Amino acid sequence: MNEVVTEAGESGAEATGWSQENLQKLLASMKGILPKDDKTKPYKKGLKAVDWDKVAFPPFSAGECQERWKRLVRKMRRFRTLPELLDEAQELLLNPFFDKNIHPDLPKPPNPPKMTYIRKCMSRYARKNPGVNVVLMTKTFSKDYEKLSDKKKAKYAKKYRLAFEEYSRKMNKFCKENNLRVPIKKKKHKKRVTLKYEGDDKDKDFPREPPWHGFGLFISEHSSGVTGGEPSHGASFIRVMSQHWKELSENEKQKYNKRCAQMKREYKAKLIKYLDRLDEEEKQQLIEEKEIRIPKKILDQHKMHPGEPMMPSRSGFIYFHLDILKHAEKSMPRKERFEKAREEWHKFSEAKKNHYAKIVEENMRKFAEELPAWFQTLSEEEQGDYLRKKPDRIVFLQKYIDEKREPLDLHSDEKTSTTKVATRASARLRAKKDGNMFKVHH
DNA sequence: CCCGTTATCGGTCGCACAAT
DNA sequence: ATTGTGCGACCGATAACGGG
């Protein structure tokens, strides 16, 4: 019952064998086969060089490892945000030579043809006319260069090309000698990694919104990230896939639609579960931050009423995390603390987890007392309104309602079936009057 | 350290594509 | 408005010149 909430999104872990431990093993294995000195290879290139047969470990095949990594990395950001850069900048400032620590052997790129020409003319002209306007000269000689014959321009261009080749050679050598990443030469091989905030790593367990329609699910599941990259129809990916979509039978399309609908239901449930363990302020903040679109009705369902006791979290981990927060130094970023707590929690013994399970139990017991106590302070109208908005609370209030509505029934265990029917019928009538408060229950 | 010039690299962002 | 892909547009930094 008190299984770690953060695992909620990995429900398929057991089925596939990719447990937390095995995932750690995978990463360690990948690290192990990486070339030692090369810390600066760009991601795509580095990945290409990975020998998955060497990464593989029982019971997983090379292909399975590769596929799991691709799935994992899709959930990660591979660029830095401004706040992160600011943190980095602050660290950089601590280095007193931060802006002067350029390697003395770093090759310098040659000047472009036009600049070479401008510089040549400028120094010649300035020697004869001291005190001339630099800016004006630059502009003038720039125009002069345009008027030059193609032959002369080609001469400058060739010189530049040669100088640049020399520079590239030097740069390659320099990079190799200093274990730096070599610059990418050809533009056409430039490949951008998909950028998407697939949820900040602040909360990995934050549920991911499924596609809106069956078609979206179809597209999503046939992307290279899921299938392993074979189809990859390039930029025409969507075009090709939509063609395939058209070729699907009505039945097959329905299957996607239905599955998508199911995913959406699960998402909604997970989202509510997630939001429920936050307080009102945090919830609003998160909703704004993530631009979560939740129907107002559902939001209403989860709005706190004045004085309403808050339903405690059913996850032991949450309480453990709170304990950690009390003692941890505040300088550590939130997400880091959260991660650390997660790790520790995983290492916990059943006995220690049990300690927190007891806290959960105790808090739930208290809540089960407090809620009816608060509930009875409401007017009948408010009570009906409350139950309509939060039908799940009925389990804590049923007893109170029964006692209040049918105090006589408490003693009559041996009622005839006819009176039972009559009682239920009258309850239904009352419920209708009071705002259908029992409708949700039956 | 600014002006003013240009080619290059690294990296981000916007866009098109079709269906719902 | 979303689903994944990849292209091109765009930005900033960089080199040299030398006087204010």
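Lettering follows sequence order; numbering is per chain, from 1. What you are looking at is a predicted structure, and each value in this text was computed from that prediction instead of being measured.
- Between the NZ atom of A:Lys120 and the C1' atom of C:dC17 there is a distance of 15 Å, rounded to whole Å.
- OP1 and OP2 of B:dA19 both lie 4.0 Å or more from every side-chain N or O belonging to A:Trp212.
- Under a 4.0 Å N-O distance rule, the pair A:Lys390/A:Glu308 qualifies as a salt bridge.
- A close approach under 4.0 Å does occur between a side-chain nitrogen or oxygen of A:Ser220 and OP1 or OP2 of C:dG4.
- An OP1 or OP2 oxygen of B:dC3 is reached within less than 4.0 angstrom by no side-chain nitrogen or oxygen of A:Lys139.
- For a distance-only test at 3.5 Å, the side chain of A:Ser223 fails to qualify as a donor-acceptor partner of the base of C:dG4.
- Among the atoms of the strands shown, none is found under 4.0 Å from any heavy atom of A:Tyr145.
- Note on A:Lys255 versus A:Glu252: no salt bridge recorded, every NZ/NE/NH1/NH2 to OD/OE distance being 4.0 Å or above.
- Proximity of A:Lys246 to the phosphate of B:dA19: a side-chain N or O atom is located under 4.0 Å from OP1 or OP2.
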Scan the side chains in residues 147-163 of chain A for donor-acceptor partners under 3.5 Å anywhere in the protein, sequence neighbours excluded, and list what turns up.
unit_1   : atom_1 : unit_2   : atom_2 : d
A:Ser149 : OG     : A:Lys152 : N      : 3.2
A:Lys153 : NZ     : A:Glu146 : O      : 3.3
A:Tyr156 : OH     : A:Lys120 : NZ     : 3.0

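- To the nearest 0.5 Å, the span separating OH on A:Tyr274 from OH on A:Tyr267 amounts to 11.5 Å.
- Direction change of the helix axis from one end of the helix from B:dC1-C:dG20 to B:dT20-C:dA1 to the other is 40°, with five pairs defining each end axis (rounded to 10°).
- In this structure, A:Phe141 reaches neither bases nor backbone, as no heavy-atom distance under 4.0 Å exists between it and the strands shown.
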